[in-house]
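Inspection log for the structure reproduced underneath, given as C-alpha cells.
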Number of protein chains: 2
Amino acid sequence: MRRRTAGPGATATIADVAARAGVSTATVSRALATPDRVRPELVELVMRAVSESGYTPNNSARTLRTQRSRMVLVVVPSVANQMYAHVLRGIDTGLAPAGYGVIIGNLDNAPNKEGRFVDFAFARQVDGVILLCGFVPGSHGRSMASAGLPMVSILSPIVDSDIPDVGIDDHAAGREAARHLARLGHRRLGYAAGPREHVVDTARWTSFREGALAEGVDPADIVRIEGGEGMRYTYRSGVAAGERFLAMTRRPTAVFCGSDEIAIGFMKVMRDAGVSVPEDVSVMGIDGIEQTDYTHPVLTTIRQPRQDLGRAGAELLLGMMDGRSDAAHRRVRLPFEFLARASTGAPPAEAAGRISQDLAPARMG
Amino acid sequence: MRRRTAGPGATATIADVAARAGVSTATVSRALATPDRVRPELVELVMRAVSESGYTPNNSARTLRTQRSRMVLVVVPSVANQMYAHVLRGIDTGLAPAGYGVIIGNLDNAPNKEGRFVDFAFARQVDGVILLCGFVPGSHGRSMASAGLPMVSILSPIVDSDIPDVGIDDHAAGREAARHLARLGHRRLGYAAGPREHVVDTARWTSFREGALAEGVDPADIVRIEGGEGMRYTYRSGVAAGERFLAMTRRPTAVFCGSDEIAIGFMKVMRDAGVSVPEDVSVMGIDGIEQTDYTHPVLTTIRQPRQDLGRAGAELLLGMMDGRSDAAHRRVRLPFEFLARASTGAPPAEAAGRISQDLAPARMG
DNA sequence: CGCCAAGTTGTAATCGATTACAGAAACGGC
DNA sequence: GCCGTTTCTGTAATCGATTACAACTTGGCG
C-alpha cells in the first residue's frame, strides 16, 4: 500500500504525521486530544511533526467516528432581514467558544426550501438546530423534529411542541405599546400587521388589543391594518399598510407596527402624503433595529436584546447537545427595553377625546 | 456482528435499507445514485425500503469517501451588515440548485476570528470559499490560500493574488459620483471615508478624486473626511464624519459617502444640526440598500446588484469546483445603477463659484 | 525476586458511505 | 451447444479519524 506523501498543496493525514514522528496514529491522536496520557517527549515529537506537515484533522473522518459534527443549523426566514441577522450574530458568538460552527438555512421566505435543511438534520450533518422561523421545517411529510436532534427556537415559541424557546415576552410588549399610546391620549388605535397566522404577530396583535381595552379604549376603535399577502415584516408591508391607512375614513391617531421595518415603510407613506408624524399620527415599531436611531422623527420602538437572544439560544442548545437538559431553562424570557422617542406624541387636538372635541368646532370655524 | 435495527428515532443506515430490501449495500447505493444501472424491480424495492426506514445518507461518511463535502464557506466581515447579508442571499440562491450548502464565517469585524475558518478549509470541511472581506484569512502564519481550495472574492478584488473576483467597477462608480456632483455645480467636494486601507474604499476615494479633477475641481477642494477608527462602513462612521464636517471652517457643499450607511449617519447629524439636505449640503451614498428608499430626503446612491453579485460569485465558484476553470471569468464586472434622487441638488447660492462669491460680501453686510 | 498495578504504546476495529473488482447470469452469434 | 459480450449484483477495500483492547514496560511492595 503506497501512502501519498504530504507534498506541498496536498493535505497531510494523521498517518503522515505518525510516520514523520515515528509513532502510531493512535499516539498522534492521543497527543493531540489527551496529551496527559502520552509521554511528554512523544507529545513534543508529535507536535513538531504536526506543525511541519501542516496537519489539520479531517473533519468528516472525525465526525463519522465520533458522531459529532460540531455544527449547528440555523434556520432563518431571511438572512437579509436586520433582526435575524443580528440574532444570527449572537448565535455565532455564543457557539464559537465551544468550537461549533454555523450552517445557515436560509428559507428566503419561500416554503419549498425547507426540504434541503430537513435533509441536513437527517444526514447528521449538524448536532443541533436553532429555529428563527417560528415553526419546525418539514417536507414530504417528514418533520425535522423526528430527526432526534436537540432544537431551540429563538424569537418565537413553537406551538404544540415542547421545543425550548428564547425570546421576549411578546404579550407584555404588545400591552406596553397599547399603554404607551393610550396614556398619550390616543383613543383610536391601529396595528400595522405582520404576516397573518405568525405566532409572534398574533401575540403582538392580541396583546396590543388587550392592553388597549384595559386602558378603556372602545373595541371598535382598535383596528388591524393588513400589510398585504406574503410581505412579512418588510418595508413594503409597511407601505401597503400606510396606503390602507390613508384610505380609511376614520383613521386611528396612533399606529403600532408589527416590526420596525413596517413602521419605517409606514412613515414613508405618511411623509409622502403630507401626514406628519407624530403631529397627525403617532407611529411606533418593535424590534429596535439600529436603523430606528436614524429615522426622522426618531422611531419609538421596543428594543429586543437581539444579540443576547442569539447568545442565550446558543447556550441553551449547547447545554442540550452536551446532554445537560436543564429543564429549568425551557422557556427563557429576556427583558425588552421600551424606547419612547419622537415618533409618538399626543393626538391631534380634534381627536383627543371629549374635552378636545368640544373645542373642535371652534377650530373648524 | 449485531446491527442496530432502525427503531423510531434511530437513524437508518444503508445497511438497514439493504437488509430490508434484501440486497447488498452496493445495490442500495447504486439504486439511489445511478438507477439506470440497476434492475428496475430492485430499484423499486430499494426505494420502498428507503422510504419505509426514512433513510438519509450520512453526510460525513459520504464526504469522507468521495472527498467532496458539498459545502462552501462564506467569509463575511459582519452578517449584521445589510450589504453583505444580501450578497449572502444571492450566494445561497446560486449554490442551492447545485446542492451546495453554506457555512458562514462571520469575522464580526474582529481579526482574531480568522483562525476558525482557516481550520475549516484545511479540515476539508468545505469544497470552496467565497470571500466578502477583501482579503485572504490566515492565522499563525498559515494562509487559507494554501489549503488548495477554489476561492472567489465578491465585492472586492484581492490584491497581489490571482483569486477571481466579482464586483462592480468601483473606479467607474467613484468617477460617476464626482461627475454627478460636479455637474450639479459643486466645486468643493468631500468623501466620507470607509475603513482606511480597505481596497474598495481606496478605489472609491481615488477615483472620486480623479473624477472631480477631470471636472475641473481644484485639488485643494477635494477632501477626505475620516469616519473614525475601526468603524468600517457603519452608521456611526457616518455620524463621526458628519461631526468632523460640521467642525470644518470651509465645508464642502457635497459629500460622497463610502457606503449608504455612512450617508444615513451623516444625514442624521446634518438634520440634528439644522443643516438641510440637499439645500445646504448634497449627500450621496453607494451600495443601494433598500433602506435608501425610505430616508428623507430619498438618498442618491449607486446601486450594486447585490443579489446578482452573490449569484455570479457562486456560479463562478461552482465552475471552479467542477474543474471547469473558465479563465475568461477571472474578473467579473457587473453593471451598477446610478440613482440620482432627492438628497443631491444644486449647491447653495453663496458657494456656487465666482459669480456667487461676488455676492457673498453683500450678504454678510 | 516475584507479583500486581499503573502507565504507555501499538494493533486493529469501527463509523457509514462509495466503488473497484470479480463473479454470475443472460443473451446472441456462429 | 459453445463462447464472448453485456448486464447486473455482491464482496470487500477505502476514505481518515478515534478508541477498545492487548501487549509491553516500569515501579512499588512484600
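The chains referred to below are lettered A, B, ... by the order of the sequence lines, with proteins before strands, and numbering in each begins at 1.
For the helix from C/dC1-D/dG30 to C/dC30-D/dG1, the rotation axes defined at the first and last 5 base pairs enclose an angle of 50°, given to the nearest 10°.
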Quick test: give all pairs of protein nitrogen or oxygen and nucleotides 25-27 of chain D nitrogen or oxygen below 3.5 Å, distance rounded to 0.1 Å.
none

Atom pairs under 3.5 Å: protein N/O with N/O of nucleotides 19-24 of chain C:
| from | atom 1 | to | atom 2 | distance (Å) |
| --- | --- | --- | --- | --- |
| C/dT19 | O4' | B/R65 | NH2 | 3.4 |

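The distance from atom CZ of A/R62 to atom C1' of D/dA17 is 8 Å, rounded to the nearest whole Å. Between B/D36 atom CG and D/dT9 atom P the separation is 12 Å, expressed in whole Å. Rounded to whole Å, the distance from CZ on A/R70 to C1' on D/dA17 is 15 Å. If you measure from atom CZ of A/F122 to atom P of C/dA17, you get 14 Å, rounded to the nearest angstrom. Taking atom CG on A/N58 and atom P on C/dC15, their separation rounds to 18 Å, with Å as the unit. Rounded to whole angstrom, the span from the CG atom of B/L42 across to the C1' atom of D/dT9 amounts to 8 Å. Taking atom CZ on B/R37 and atom P on D/dG10, their separation rounds to 14 Å, with Å as the unit. Rounded to a whole Å, the CD atom of A/E41 is 10 Å from the P atom of C/dT8.
Distances shown here put every side-chain N or O of A/Y55 at or beyond 4.0 Å from the OP1 or OP2 atom of D/dG16. Distances shorter than 4.0 Å separate some side-chain N or O of B/Q67 from OP1 or OP2 on D/dG16. In this model, the phosphate group of C/dG7 is not approached by any side-chain N or O of A/R39 to a distance below 4.0 Å at OP1 or OP2.
For the side-chain hydrogen bond (donor to acceptor under 3.5 Å, both in side chains) test with B/T56, the passing option among A/R142, A/Q125, A/R124 is A/R142; the others fail.
Between A/R70 and A/D127 there is no salt bridge, since no side-chain nitrogen of the basic residue lies less than 4.0 Å from a carboxylate oxygen of the acidic one. No salt bridge links B/D162 with B/R331; every basic N to acidic carboxylate O contact stays at or beyond 4.0 Å. We find that A/D36 and A/R30 are not joined by a salt bridge, their nearest charged nitrogen and carboxylate oxygen being 4.0 Å or further apart. Salt bridge annotation for A/E315-A/R311: absent, with no cationic side-chain nitrogen under 4.0 angstrom from a carboxylate oxygen.
Partners of B/S24 according to the side-chain hydrogen bond (donor to acceptor under 3.5 Å, both in side chains) rule, which considers only residues two or more places apart in sequence or in another chain, are B/T27. B/A18 pairs by the side-chain contact (heavy atoms from CB on, under 4.5 Å) definition with B/T25, B/V28, not counting sequence neighbours. Partners of A/P150 under the side-chain contact (heavy atoms from CB on, under 4.5 Å) rule, at least two apart in sequence or in another chain, are A/L317, A/M320, A/M321.
A donor and an acceptor atom, one from each side chain of B/R89 and B/Q307, are located under 3.5 Å apart. With 3.5 Å as the limit, one finds no donor-acceptor pair spanning the side chains of A/Y100 and B/R116.
Checked against C/dA17, D/dA17, D/dC15, the side chain of B/I14 finds its nearest nucleotide in C/dA17.
Rounded to the nearest 0.5 Å, atoms CE (B/M151) and CG (B/L73) are 10.0 Å apart.
Under a 3.5 Å cut-off, the side chain of B/T34 and the backbone N or O of B/R37 do not form any donor-acceptor pair.
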